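The structure displayed is predicted, hence computed values, not measured ones. A note on names: the letters A, B, ... follow the listed sequences, proteins ahead of strands, and every chain is numbered from 1.
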Amino acid sequence: MTNDDNWNEYVVDMETCTECNGQFLENYVGELECQSCGIIDGQALDTGKEWRVFSDGSGANQERTGMAPTWMLHDKGLTTDIDWRNRDHAGGRISGDFAKRLRRIRTQHKRTRIRNSTERNLVSALSELNRLASQMTLPQPIREEAAYIYRKSVEAKLVRGRSIEGVVAASLYAACRMRGNPRTLDEVGLHSRTGRKEIGRTFRAIRRELGLDVSPAQPEGYIPRFCGDLGLPANVEGRALLILRQVSDTSMMAGRGPTGIAAAAVYLSSRMGESKRTQREVSQAAGVTEVTIRNRYREICEALEIDPENPTVPEILLR
DNA sequence: AAGACGAAAGTGGTTGA
DNA sequence: TCAACAACTTTCGTCTT
């Protein structure tokens, strides 16, 4: 029996899932999540359509009121669209003078959607935002948050004297941290035309001027991504998070870079089980040096009284 | 040969006078 | 504005597996 095998017996003390008899385990945002079917706290998510039927109940009509407003479109998605096809409501062809008129209306409509230079800027900034977020594979809520921060920055005239790209990158960086899915400045800088330095400077300005409540990045936030990049199984990830939770009360965290701590926790967790990773592999996934991992590793082992040579799951982590 | 270790010097950012 | 400072990186020789 490996360490990895008996690990789960101690961590999981929750009931079993009513849907599939799988085990509930606390995920990193503190919800109870079924390990096999992913249901949160016994509540299955309804992935069905939200169409409501007001007419004959046959379900043939699919009424609703359009998509939810989004900060990702310059007009928040509140607009009317005119179909580009020359067809009437029944699908019949529209031709002749009326088709000509329709073409004219479409042109005018396009012009009214983008009214002034501010909106034009917003359009290009938001497309840059989307490009960046896509390259970094960021989820929709973070993009929304970033778009909102960017809008506020424009309102506060923070783009004056700064590049649009810089403000976009800084907004994204801030949104990632605020949503507990932190990225390093290096990472954002890698995908943006602006460098790490400028993004950092701009981020500080935005935070100060908008009074954003951005707490320091928590090492926990990096764990899922590092483990994913390293192809580590879920139990190693869960154990790394528990290690962090134990160590977070100690003084070793003070003043240390969160990425280094997270990297060391992943490295330690991987060494406790069968799927081991080298310092080099972890350092590349985490963007810190092996030396830093070694130092944090030593400190974590010291704090948790773990033998660095032959790390086993310590008593304090079992309950 | 690869991985781990640790010393020593260098770098970039923060802090406090 | 500048120097001190801590964290982190780079580099490199040595030891272990």
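Atom CD of E290(A) is separated from atom P of dG3(B) by 9 Å (rounded to the nearest Å). The distance from atom CD of E309(A) to atom C1' of dT16(C) is 10 Å, rounded to the nearest whole Å.
One hydrophobic cluster holds both V154(A) and F203(A) under the rule that ILVMFWY side chains link at heavy-atom gaps under 4.5 Å.
Side-chain contact between E144(A) and Y148(A) is absent, with no heavy-atom pair separated by less than 4.5 Å. In this structure, R298(A) and P308(A) have side chains that are not in contact, with every pair of non-hydrogen atoms separated by 4.5 Å or more. Contact of the V236(A) side chain with the R239(A) side chain is registered, since non-hydrogen atoms from C-beta on lie closer than 4.5 Å.
Looking at heavy-atom distances under 4.0 Å, Y297(A) makes no contact with the nucleic acid at all. Nucleic acid contact class of R204(A) (heavy atoms, under 4.0 Å, all strands): sugar-phosphate only. Contact annotation for T289(A): base contact, defined as any heavy-atom pair under 4.0 Å involving a base atom.
The nucleotide whose nearest atom lies closest to any side-chain atom of R256(A) is, among dC8(C), dG13(B), dG6(B), dC8(C).
Mapped onto DNA chain B by nearest heavy atom, V291(A) and R277(A) fall at different nucleotides, with R277(A) at the one closer to the 5' end.
dA6(C) is unpaired under the Watson-Crick or G-U wobble criterion, no partner having all donor-acceptor distances under 3.5 Å.
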